[in-house]
Amino acid sequence: MNLNDLKGLKYYLIYALALLAFFTYSGMVGWKWFNPTKTERERSERANGTHGRSYIYHK
Amino acid sequence: MSGTNNIISCPACNTSLTLRGKALTRALTCKNCGVYFRTGSWNKEQEKFQIPYTFEPALPIGAKGEIGGFIYEVMGVVIKKERKYKYSWREYLIFNRHRGYAFLSEYDGHWNMVWPVDSDPRASLFPGGFYEDGQRFQLYQKYSADVAYARGEFFFDVVDMTASTRNEEYINPPHFFALESSDDSMLWCKGEYIQRNAIADIFSVPLEKLPRSVGLGYTQPASGSFSISSLVISLIVLILATFVIQYIISARSADENIFHRDFTSADFKDQKFVATTPFHLNGGPQSIQINIHVPVDNDWFFSEFALVNETTGEEYNFTKEVEYYHGYDYEDGGSYYWSEGGTTAEAYISRLPDGTYHVNIYPAFGTTVTGFDIAIWRDVPSRLNVLWTIIGLAIFPVIYIIWAKSREKGRWADSDYSPYE
């Protein structure tokens with residue numbers, strides 16, 4: 001590998017370094033990409049209550 | 001035919017012609033009638049070509065351009081036609097008084113500069129090629145050709161020489177070696193691919209006047225401005241960096257168990273849900289992982305979960321199902337054990353801000369199961385991100401290498417010596 005090769009690869013290397021930076025940031029804040037656990041976020045009317053929504057019956 | 005002071009008369013039409021190459025010129029064409037003749041007295045034959053003399057070469061005779069710090073002048077051009085497959089290409093003889101002569105060949109809009117070398121370049125041989133200075137040169141073609149057209153001056157009898165020699169070309173793009181041999185002579189030339197726009201710049205010719213490039217030239221590098229080996233080395237380094245980063249992330253992650261308890265149906269009393277005791281997250285955004293174990297056996301368990309931030313009221317709702325079934329199938333006189341599902345489930349919640357949390361659990365039991373076990377871990381590193389990062393890093397190199405290999409294979413489609421066949 002020589003300097004010309006690095007110049008030719010500059011856009012790939014920029015992309016790769018950005019990806020690694022994002023990977024590092026994700027690891028620092030506990031961000032799992034493509035998380036299979038699907039969550040729905042909502043704000044409770046009772047901020048300090050035990051639960052703020054009605055029970056959903058299932059099965 | 002006679003000549004003095006670098007002026008020679010055409011033997012066909014008697015036009016006076018001034019020799020650019022002076023005493024070096026051994027053959028030329030008449031600019032008036034187009035006949036090809038030799039300056040010496042040993043061969044009085046005159047050649048007329050099938051292609052009319054009105055043909056205008058892309059690089060005009062007399063055009064000058066700087067290559068490698070030396071000014072070269074276009075002395076002559078020939079169109080050569082291969083005998084077996086009948087394809088043709090153009091060769092320009094260029095000359096610099098210090099460097100001597102060289103050629104620019106053009107085929108399908110792809111250009112190569114070719115110059116004679118003093119010695120046999122074959123340092124070591126392998127079947128179908130040789131190594132020179134550590135580089136592998138592979139046989140691309142063998143051919144014999146004839147001159148179909150000539151214009152300008154030549155330092156050798158290009159018509160006879162072309163007709164009497166056999167040619168071999170060995171490539172390692174963008175370089176190649178060409179061997180021109182006859183019964184009593186052998187000439188090695190080295191060549192290098194030159195971009196079409198570079199030729200236009202060198203000889204100050206409008207780019208549109210040069211033949212348009214078609215496909216991949218046989219000495220044109222298949223890859224762009226970097227080598228595939230450099231790309232692979234870069235990828236390996238980046239993947240190693242990914243593992244190092246993941247190791248550091250894992251080392252600094254708390255990965256701490258903050259709640260663990262068994263629940264039974266008795267814990268619910270008359271309620272339809274049960275809540276964990278509160279737990280605290282601090283130190284910036286982090287993840288939690290909830291592991292559920294339910295001793296189901298040919299049964300199911302389903303639950304909704306609400307992770308509640310007691311400070312802000314924010315809820316993160318999700319569901320999990322655990323089911324495990326197994327048994328025997330009887331077929332063809334035998335029995336086969338089968339099972340599906342499992343007794344555990346896992347939930348991962350990303351980027352939770354600091355705060356005090358608890359989890360509300362809304363379970364629904366199957367027919368036999370009456371309890372479950374739940375454990376909550378905080379600041380758990382996601383190992384799957386490593387996989388996605390490696391895929392993200394590798395996707396371009398993989399596509400690029402497939403593309404380059406495909407182009408490389410296409411390059412050899414016109415060769416009788418393709419390593420892909």
Side-chain angles (χ1 to χ4, degrees), chain A, chain B residues 224-227 229-231 233-235 238 241-242 245-246 248-250 252-253 272-273 275 284-288 300 302 304 306-308 310-320 346-352 358 360 362 364 379-382 384-386 388-389 392-393 396-397 400:
Chain A
M1 189 187 301
N2 55 39
L3 194 61
N4 284 338
D5 279 342
L6 286 177
K7 281 181 184 171
L9 284 166
K10 68 181 172 190
Y11 293 115
Y12 170 64
L13 293 176
I14 289 170
Y15 157 78
L17 292 177
L19 181 60
L20 285 183
F22 186 54
F23 168 68
T24 306
Y25 167 76
S26 300
M28 303 284 276
V29 300
W31 183 353
K32 187 179 199 172
W33 304 341
F34 308 108
N35 189 356
T37 303
K38 301 299 175 196
T39 55
E40 288 179 12
R41 290 175 66 171
E42 61 183 66
R43 185 170 293 278
S44 170
E45 294 299 318
R46 300 161 59 186
N48 58 354
T50 53
H51 66 105
R53 60 182 177 72
S54 61
Y55 175 70
I56 303 167
Y57 183 76
H58 45 78
K59 285 205 172 181
Chain B
S225 52
F226 52 86
S227 65
S229 61
S230 299
L231 182 60
I233 290 170
S234 301
L235 177 61
L238 289 164
T242 305
I245 293 169
Q246 178 66 20
I248 294 169
I249 289 169
S250 297
R252 65 168 290 285
S253 295
K272 291 183 175 176
F273 76 98
Q286 57 190 279
S287 60
I288 66 164
W300 59 268
F302 179 90
E304 290 192 14
L307 173 67
V308 182
E310 295 185 355
T311 312
T312 64
E314 192 94 30
E315 285 190 11
Y316 302 81
N317 301 312
F318 56 94
T319 62
K320 281 292 161 186
E346 176 186 300
Y348 190 98
I349 301 170
S350 303
R351 292 184 295 165
L352 284 173
H358 68 266
N360 293 337
Y362 304 81
D379 200 9
V380 181
S382 167
L384 263 181
N385 285 3
V386 175
W388 293 121
T389 302
L393 292 172
F396 168 72
Y400 186 85

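In what follows, every chain begins at residue 1, and chains take the letters A, B, ... in the order their sequences are listed.
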Contact check, side chains of [X] and [Y], non-hydrogen atoms, under 4.5 Å:
X	Y	answer
A:Thr37	B:Glu346	no
B:Leu307	B:Leu352	yes
B:Asn317	B:Tyr362	no

Considering only heavy atoms, which portion of [X] lies under 4.5 Å from any heavy atom of chain A: side chain, backbone, both, or neither?
X	value
B:Leu384	side chain
B:Asp379	neither
B:Ile288	neither
B:Phe396	side chain
B:Val380	neither
B:Ser382	side chain

Pick from B:Ala241, B:Pro381, B:Pro397 with the largest number of heavy-atom pairs that fall under 4.5 Å of chain A: B:Pro397
B:Thr389: partners by side-chain hydrogen bond (donor to acceptor under 3.5 Å, both in side chains), with sequence neighbours left out: none
Atom group of A:Lys32 that falls short of 4.5 Å from chain B, counting heavy atoms: both
Donor-acceptor contact below 3.5 Å, side chain A:Asn35 vs main chain B:Tyr348: yes
Atom pairs and distances, side-chain donor-acceptor, residues 14-26 of chain A, under 3.5 Å, sequence neighbours left out:
residue: A:Tyr15; atom: OH; partner: B:Gly392; partner atom: O; Å: 2.7
residue: A:Thr24; atom: OG1; partner: A:Leu20; partner atom: O; Å: 2.7
residue: A:Ser26; atom: OG; partner: A:Phe22; partner atom: O; Å: 2.8
residue: A:Ser26; atom: OG; partner: A:Trp33; partner atom: NE1; Å: 2.8

